[in-house]
Amino acid sequence: MAQILVVDDSDAVRSEVSGFLSGNGFSVKTAVDGKDGLDKVKGDGELKLVFADVNMPNMDGLTMVEKIRNELGNKGVNIIMLTTESDASMKERGKAAGIKGWIVKPFNGPNVLDAVKKMVG
Amino acid sequence: MSILSASGPLNLPENSVNNDIVCKVLVYEHDKSVSALLKEFFTHSNLVGYAVRKDNLVRILNSNVDLGGVFITENDSRGHSNLGLAIDVHKNRPELPIFLRRESLHHMEDYPKELQKIFAGFYLKTDLSPLKELTDTFLFTRHYPNEFVHEIRSKSLEAIKSSFKNMLITVEPPYIVKDKVIYGELFSLMPLESSWCRGYMMLQSEETNVLDVIKARKTTLNPIEPNFRHVNSVFGELSNMIWGAFKNLYGSAGIGNGLRVEVPIIVNHARKYISFGSEDPQLCLKYTLSDQDGTLQPIVIYQKFIFSLAWSPEKFAESQKKVEALVSTGELELF
């Protein structure tokens, strides 16, 4: 079963996204900020996909992505940003760090489910 | 608008739904002919008047948190002075301008100077003409572009619908508020900034009603034992989504030329009072979320916009031209 990590400081978002993905047959872990997310990605070689917010305390999502790529390389982990942000320069920064996609909140599960299935195989 | 009867918390009438920004005022007037004249004035001035009596004015004042001002007569129907009542209103809510109908004098010099200060101004039964200038000076001091109000209301509704499932949501017409009283126990504050404005968005609600909705599994949370932290979480994410929508609509480029003004925000918990250091009226949107089954108490959310740090609405139209495309939410953009 594909492992997915949801990184968001909002309990409400973690609950919504992880609940939706679990209900669709995925194994889901959660992290409360970028620092927690980085630690969990480093500690779990089975992760296939990460959903990450941008604005989070302690470490923001884009910094987390850059650290994952710098410290771990690709290692088969796809990253999608799930955020209220839609700023083009932020998207460019994410692309440069190798993210695979960008979703502007609010999360609409059915719209992204097919793409997620393709991404995690 | 008209003059409506008041008994408790005041809601704006449905038929006032349009793009005009209105203002709620209390009216203590015993003379029916003056009431009729005020009604006509309010109709042309975007004021919604709520008729009160001498014996319930302060109670109704205290059961509302979103008023703009008070109209009061100098004497009651028996000729007894209402000055004591006006002083009570001022002591309770010094933020609210009081418009006094004098019996005959065209000035206030017969009042001690300290007493004169509690009134925004006066008018006469035979001459209501000062009211236009008075309400422009004390209530409608800010222009909020219709397009801005429409967009922010629409995006906020989208965020509320996303946060609360299967709820019937109604929103009152936009209105301005002079009150600085906090509604409920729960509020969030988000800084807002664009090239033409800077300030805050404040959301206010009641904890118990939001908690009951979480328990009924009508939010994105499904905790085993819901508590106030889950309420905070739902409210936090709602605030975050509206902030994001604002940023996507208007950008985040700072206003001004490098000079960033900051003003302390003062909160007095005992008085349920918050001040942003500005006397300008706040733009308010009031949402009511009702359970379609009718088993839960409605959630009331007050959304207030306080652009206390910078406000240049004349630059709003200019900034709109720069918006390239609307951001579609919920869609996956693949790279």
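Throughout, protein chains are lettered first and strands after them, A, B, ... in sequence-line order, and every chain is numbered starting at 1.
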Proximal component of A/N55, with respect to chain B [non-hydrogen, under 4.5 Å]: side chain
Looking at B/K247, I want to see if its NZ is surrounded by more than 12 non-hydrogen atoms of other residues, nucleotides or ligands under 6.0 Å. yes
Which distance, rounded to the nearest 0.5 Å, do you find between the OG1 of B/T220 and the CZ of A/R14? 11.0 Å
A/K67 atom NZ, neighbour heavy-atom count above 12 within 6.0 Å: no
Using a cut-off of 6.0 Å, state whether more than 12 heavy atoms not belonging to A/K35 lie near its atom NZ. no
Derivation of the side-chain contact (heavy atoms from CB on, under 4.5 Å) call for A/D11 and B/H230: CA-CA 8 Å; A/D11 192 13; B/H230 300 104; 3.6 Å; yes
Salt bridge or not for A/E16 and B/K165, using N-O below 4.0 Å? yes
Just so I know, are the side chains of A/V104 and B/E333 near enough to count as touching, which here means a heavy-atom distance under 4.5 Å? no
Minimum heavy-atom separation for B/M241 to A/T84, with atom names? CA-CG2, 3.7 Å
Highest number of heavy-atom pairs under 4.5 Å with chain B: which of A/P110, A/G109, A/P106, A/S10? A/P106
Sort out for me which of A/T83, A/I99, A/D9 touches chain B most, counting heavy-atom pairs under 4.5 Å. A/I99
Geometric cation-pi criterion A/K100 and B/F335, 6.0 Å radius, 45° cone: no
Check whether B/S233 reaches the backbone of A/A12 with its side chain - one donor and one acceptor, N or O, closer than 3.5 Å. yes
Would you say CD of B/E185 has more than 12 non-hydrogen atoms from neighbouring residues, nucleotides or ligands within 6.0 angstrom? yes
Over all heavy atoms of both residues, which pair between B/N248 and A/E85 is shortest? Give the atoms and the distance, please. OD1-C, 4.0 Å
